[in-house]
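Proteins get letters first, then strands, A, B, ... in listed order; numbering begins at 1 in each.
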2 protein chains.
Amino acid sequence: MSSEANSSSSEKILVAATRIAQAHGYAGLNLRALAEQVGIKAASLYHHFPSKADLAAAVARRYAADSAATLELLTAETDQPAMALARYPETFRRSLENGNRICLCSFMTAEYDDLPSEVQVQVQAFAEVNLAWLSGVLQEAGMKKKSAELRAQAIFAAVSGAQLMARGRQDIKLFDSLIESYRVAGLFSPDN
Amino acid sequence: MSSEANSSSSEKILVAATRIAQAHGYAGLNLRALAEQVGIKAASLYHHFPSKADLAAAVARRYAADSAATLELLTAETDQPAMALARYPETFRRSLENGNRICLCSFMTAEYDDLPSEVQVQVQAFAEVNLAWLSGVLQEAGMKKKSAELRAQAIFAAVSGAQLMARGRQDIKLFDSLIESYRVAGLFSPDN
DNA sequence: ACCTGAACACCGTTCAAGT
DNA sequence: ACCTGAACACCGTTCAAGT
């Protein structure tokens, strides 16, 4: 999934920073704690990334790219758009499974105003990736372009909200229950 | 709406802290900046609140109480449950109108794991207030208790997600558009 | 009762110094 | 090329000292 496969220091920093940011956000990303996880001192981080802002931007950029790859894979695995749509929430569920973490970009959307601009750009890019994929699938399922785009935004916002709420309660079953309620209400049905 | 009407120092601290926390979260609530807004030094804050955790808990407690009052007022103003339901998103829209702020508790839900427990309790209380109100209105509209509770959770999560996304884009029209999409999809319709 | 300056251990960041 | 200790201005917090 990730662009780099070897385990260089920069790579280890990126991986550890992603996990911390998913759990604690940009403000909660502590460089001294991050350095300790990687086995170096905080000052050494600056040899790999010029600043916390650049590091976080690199983390978010990869996160968006990995999400795009995951969604493409989902499209390839499913032959019917309705099936792809139904499985979309899985991508958000996985963060919850993985240590009650949330989508990096959901957390950073809350922090948006305090984010360095290079990080903001990547958070927007993540949203674009998701909206484009959802809109495409909805159009394959028969929706007109404009309606599909509006519905894509609604699904993205709703699933993000479900993930946030489930993580607050530390209850992954709540996430499943919320997605099911959305389904019952008709949010994933293109035909209305 | 608020419990206190006079403008004591404690009151001014509480009001200023609420505004800062809505924009920057618990981690972004800077005590030196807060003190400056109120016109005192950071050390003086400790004469009014024993710690940042206690201050934030007081802020969240009042926020939950004010929300409960707002929702009761909404019930009183509307005679039909469908109308009350349709106007529910207004309570979230107002934060956006007021300086692109978001619901205090949405922000704190993202930060949940890093919150002091006394603050966590109040964030949960806010959610309970909203869920109880929504569930009550949905039951008045004819839903069975269990279905109403599930749908209440779905509406709460979806509206929270919409607010978060709109604030990230700094676009209140996006919020309106998302709520409209939810309506079109059937999320606010008890009859399904 | 309320306020303050100074100090504490903590943050992100820089930089001279090491290998 | 990569790492480090020490220092900087910043955080939440404490406390002795003031009114």
Given atom [atom1] of [X] and atom [atom2] of [N], what is their separation to the nearest angstrom?
{"X": "K41(A)", "N": "dA7(D)", "atom1": "NZ", "atom2": "P", "answer": "16 Å"}
{"X": "D114(A)", "N": "dG12(C)", "atom1": "CG", "atom2": "P", "answer": "15 Å"}
{"X": "I13(B)", "N": "dA1(C)", "atom1": "CD1", "atom2": "P", "answer": "16 Å"}
{"X": "L34(A)", "N": "dC10(C)", "atom1": "CG", "atom2": "P", "answer": "18 Å"}
{"X": "L29(A)", "N": "dC11(D)", "atom1": "CG", "atom2": "P", "answer": "18 Å"}
{"X": "I40(A)", "N": "dA1(D)", "atom1": "CD1", "atom2": "C1'", "answer": "13 Å"}
{"X": "L45(B)", "N": "dT4(C)", "atom1": "CG", "atom2": "P", "answer": "10 Å"}
{"X": "I20(B)", "N": "dG12(D)", "atom1": "CD1", "atom2": "P", "answer": "10 Å"}

Can [X] and [Y] be counted as an ion pair, charged N to O under 4.0 angstrom?
{"X": "E180(B)", "Y": "R183(B)", "value": "yes"}
{"X": "E149(B)", "Y": "K144(B)", "value": "no"}
{"X": "E36(B)", "Y": "K41(B)", "value": "no"}
{"X": "R87(B)", "Y": "E90(B)", "value": "yes"}

Give each stem of DNA chain C as a range with a range, requiring at least 3 consecutive Watson-Crick or G-U wobble pairs whose two distances are under 3.5 Å.
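Consecutive-pair runs (3 or more) involving DNA chain C: C:4-8 with D:12-16, C:12-16 with D:4-8.
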With B for base contact, S for sugar-phosphate-only contact and - for none (protein heavy atoms under 4.0 Å), nucleotides 13-19 of chain D reads BBB----
With heavy-atom distances below 4.5 Å as the criterion, would you say the side chains of V159(B) and Q163(B) are in contact?
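In short, these two side chains do not touch, never coming nearer than 4.5 Å.
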Side chains of [X] and [Y]: donor-acceptor distance under 3.5 Å anywhere?
{"X": "Q139(A)", "Y": "S135(A)", "result": "yes"}
{"X": "R169(B)", "Y": "Q124(A)", "result": "yes"}
{"X": "N98(B)", "Y": "S95(B)", "result": "no"}

N or O in side chain of [X] less than 4.0 angstrom from [N] OP1/OP2:
{"X": "S44(B)", "N": "dC2(C)", "value": "no"}
{"X": "S9(A)", "N": "dC3(D)", "value": "yes"}
{"X": "H48(A)", "N": "dC3(D)", "value": "yes"}

Would K52(A) pass as a cation-pi partner of Y46(A), given that its NZ or CZ must be under 6.0 Å from the six-membered ring centre and within 45 degrees of the axis?
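Because its charged atom misses either the 6.0 Å distance or the 45° angle limit, K52(A) does not stack over Y46(A).
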